[in-house]
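All values below come from the heavy atoms of this structure, side chains included, with hydrogens, waters and symmetry mates left out.
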Amino acid sequence: MVPDDEGGGVMRADLLNDTVDGLDEVLAAVDGFDGVLVGGLLRPQPAQAVGLAGLADAVAGSPLAGRVAEAAEKTAAGAAGEDHFVALAAARTALLGSVHDALVARVEEAVGRPGAGESGTAAADGSDRAVNLHAAARSWLCDLARAGWQGIDHELVSGAAPVVSAMLPDPGLRRLAALLDGFAAELAASCPGATLEDVPVRRWADLWSRAVLLTLPGAASAPVVAEATGRLLPLGVDLQEHATAVQAQVHAVFEPADGGTPRLVRASVSAPKPDTVVGAGLWQLLRPHLSLLTAVSEGRAMDLDAMPVTGEGDLIWDDARARTGEPAEVFTTARVALPAASAFATAPLDRHPARIAVPVLLEGYAVEEDGNGVAFQVAGQRLAVDTDRVPVAGPLTPEVVASSGACVGLLRWDAGEFLLQPLAVERTVRKKSVAVHAGAWAGGTTDKAGVRAEKAATDAVKVLRERAGKLLRK
């Protein structure tokens, strides 16, 4: 929370712990359908029919009601076609979208920040080639649903490979291609499904339903793009690492040059990653593609000139449209600019609880540590801190978080509760207030620990780049 006389407002932490009406019932309906996909839809059993009926009942008051009821009935009888599977995926996505909206509304009420407006999308690629590839992808996804996660094998999973290969050359299809490729890789690593002891039920159902809807005309349309001119004030970096890829997402407040309402925006960069590059070496893969990372580590603002920004608040970064500005301390930004900043709307297909990441500032909390990890006591309410999300590629550690007195972080929702992912903290060292940032090493560092970590990674990155250059020359 931030005292009003310091430019902020008190966060209603009690609202984050209050129940949201209907939330448990909606999630139960989603879980019931997700369980249906485990056994497959080729010959549904009575228990699966219950899960299908629960999904249909959950959307009975919506425009989807008729189509989903028919789809559930046909699927329970083992006579479902592609259109029925699409309707089921749409119902599941709509339910999780309603959960997303309810949780975001609760967060906005808790932090007292302006809500988002409406988003829009541009026209999609309607070429015959795209239509045919979408149909091929949808056919494979329906075969997956019929087999179920326990029925997958390498022959079935490999059916995605030719579709992905045909999609990748087309920029308009790469979003779906990347999803299918990653999904197929996860499934292949788990084959045969009959021997699986622990099925990632929610995750695979998420990937399946999202992929099914992205095969529909207009679903993967390009976002509306405007231009942003003004000052960008970074709040922190969220580093997301996968075995084969890494992404840095900078959260920031954008102040328009025309004096308009400040907005919450993001700028992201991603790169392929070999498994030998870890820790601080990750920044070496990302720095060449996003000058903003240097500004973050130096604690500076950036001046933008007609920078493209989507209707969801994602900056399409172009170094030619940005220049380094004046010093901008993160906690000053959080205390002064963040309370008045409003978010952009979330695109329909991106409305999912896992997408919630709301920048907040907390001060005056007490820290508690127990067997469940670190938590903050905010106005008498417990808020769990997700220290597992703090990247090792920076000086911010769980121990530093536990010794802090102020924190800028992302409010997320996972496993039925709100969590705080720290991006930066303030703590007292020798009677002086010191800020520690998760992205402090993003643009390079003179910190001793950071220098050692960079040096250890430099040789590996250099060798890999040389090898890549030789392959490209061939």
Please step through side chain to side chain contact (heavy atoms under 4.5 Å, CB included) for the pair S98 and V26, ending with a clear verdict.
-> CA-CA 9 Å; S98 70; V26 171; 4.1 Å; yes
For L338 and P359, the nearest pair of non-hydrogen atoms, with its separation, is CD2-O, 3.9 Å
With S291 as partner, the option from T324, D319, D318 fulfilling side chain to side chain donor-acceptor pair (under 3.5 Å) is D319
Search all heavy atoms of A87 against all heavy atoms of A71 and return the closest pair with its distance.
-> CB-CB, 4.0 Å
How far does CD of E108 sit from CG of L15, to the nearest 0.5 angstrom?
-> 12.5 Å
T215 OG1 to R210 CZ distance, which is reported to the nearest 0.5 Å | 12.5 Å
Step by step, work out the side chain to side chain donor-acceptor pair (under 3.5 Å) result for S403 and R427.
-> CA-CA 6 Å; S403 65; R427 63 174 182 159; 3.2 Å; yes
Distance flag, aromatic centroids of W204 and W149, threshold under 6.0 Å | yes
Side chain to side chain contact (heavy atoms under 4.5 Å, CB included) between L180 and M167, worked out | CA-CA 10 Å; L180 294 175; M167 285 182 168; 4.1 Å; yes
For H100 and L96, indicate whether the former's side chain and the latter's backbone hold a donor-acceptor pair under 3.5 Å.
-> no
Any L282 side-chain heavy atom under 4.5 Å of E241 side chain | yes
Salt bridge flag under 4.0 Å for residues R12 and D14 | yes
Are side-chain heavy atoms of V59 and S62 found at a separation under 4.5 Å?
-> yes
Roughly how far, to the nearest 0.5 Å, is CZ of R389 from CG of L410?
-> 8.5 Å
Between T332 (side chain) and A328 (backbone), is there a donor-acceptor pair under 3.5 Å?
-> no
Has the side chain of S433 got a donor or acceptor atom that lies under 3.5 Å from a matching backbone atom of T428?
-> no
From the list H289, Q247, H251, Q249, side chain to side chain donor-acceptor pair (under 3.5 Å) partner of S268 resolves to Q249
Spell out, as yes or no, whether a donor-acceptor pair under 3.5 Å connects the side chain of R106 to the backbone of D18.
-> yes
Distance (rounded to the nearest 0.5 Å) between R323 CZ and R300 CZ = 12.0 Å
Shortest non-hydrogen contact from A340 toward T261 | O-CG2, 4.1 Å
Which class fits the ring pair F376 and Y365: parallel under 30°, tilted 30 to 60°, perpendicular over 60°?
-> parallel
Decide salt bridge (charged side-chain N to carboxylate O under 4.0 Å, His left out) for R92 and D31; before the verdict, give the C-alpha distance in whole Å, the side-chain angles of both, and the deciding distance to 0.1 Å.
-> CA-CA 10 Å; R92 184 186 184 277; D31 288 340; over 6 Å; no
Determine whether V330 and H437 make a side-chain contact, defined as any pair of heavy atoms from C-beta on separated by less than 4.5 Å.
-> yes
Using modelled atom types only, decide if a donor and an acceptor are shared between the side chain of W441 and the backbone of W283 within a distance under 3.5 Å.
-> no
Working to the nearest 0.5 Å, report the span between CG of D386 and CZ of F418.
-> 14.0 Å
Contact check, side chains of L304 and F254, non-hydrogen atoms, under 4.5 Å = yes
Is the backbone N or O of A343 less than 3.5 Å from a side-chain atom of R263, with the two atoms forming a donor-acceptor pair by type?
-> yes
Can you find a pair of side-chain heavy atoms, one from I356 and one from V104, that are under 4.5 Å apart?
-> yes
Got more than 12 heavy atoms from elsewhere within 6.0 Å of CZ, R203?
-> no
All heavy atoms of L103 vs all of L23, minimum pair found to be CD2-CD2, 4.3 Å
Give the intermediate values and the outcome of side chain to side chain contact (heavy atoms under 4.5 Å, CB included) for residues Q377 and E368.
-> CA-CA 7 Å; Q377 283 288 340; E368 63 177 49; 3.0 Å; yes
Minimum heavy-atom distance A145-L37, with the two atoms named = CB-CD2, 4.2 Å
Could you check if a side-chain atom of V434 sits within less than 4.5 angstrom of a side-chain atom of E426, using non-hydrogen atoms only?
-> no
Any chance you could measure L315, atom CG, to L232, atom CG, to the nearest 0.5 Å?
-> 6.0 Å
What heavy-atom pair brings A406 and R335 nearest, and what distance separates the two atoms?
-> CB-NH2, 4.3 Å
Take D303 and R231 through the test salt bridge (charged side-chain N to carboxylate O under 4.0 Å, His left out) and record every step on the way to the result.
-> CA-CA 5 Å; D303 297 318; R231 186 169 65 154; 5.9 Å; no
Indicate yes or no for a side-chain donor-acceptor contact from T397 to the backbone of V400 under 3.5 Å, with no hydrogens or angles considered.
-> yes
Can you tell me if CZ on R382 sees more than 12 non-hydrogen neighbours from other groups inside 6.0 Å?
-> yes
Decide yes or no on salt bridge (charged side-chain N to carboxylate O under 4.0 Å, His left out) for R321 and D305, but give the supporting numbers first.
-> CA-CA 5 Å; R321 299 173 184 266; D305 182 14; over 6 Å; no
Yes or no on salt bridge (charged side-chain N to carboxylate O under 4.0 Å, His left out) for R175 and D170, after CA distance, side-chain angles and deciding distance?
-> CA-CA 10 Å; R175 183 184 186 189; D170 188 337; over 6 Å; no
Would you find a donor on one side and an acceptor on the other, under 3.5 Å apart, between the side chain of W208 and the backbone of L141?
-> yes
Answer yes or no: is there a donor N or O on one side and an acceptor on the other, between the side chain of T310 and the main chain of D314, under 3.5 Å?
-> yes
Is there a side-chain contact between L362 and L420, using heavy atoms and a 4.5 Å cut-off?
-> yes
Got L179 and L214 here, is their nearest side-chain heavy-atom distance under 4.5 Å?
-> yes
When you look at V385 and L419, which way does the side chain to side chain contact (heavy atoms under 4.5 Å, CB included) test go after all the steps?
-> CA-CA 6 Å; V385 180; L419 305 169; over 6 Å; no
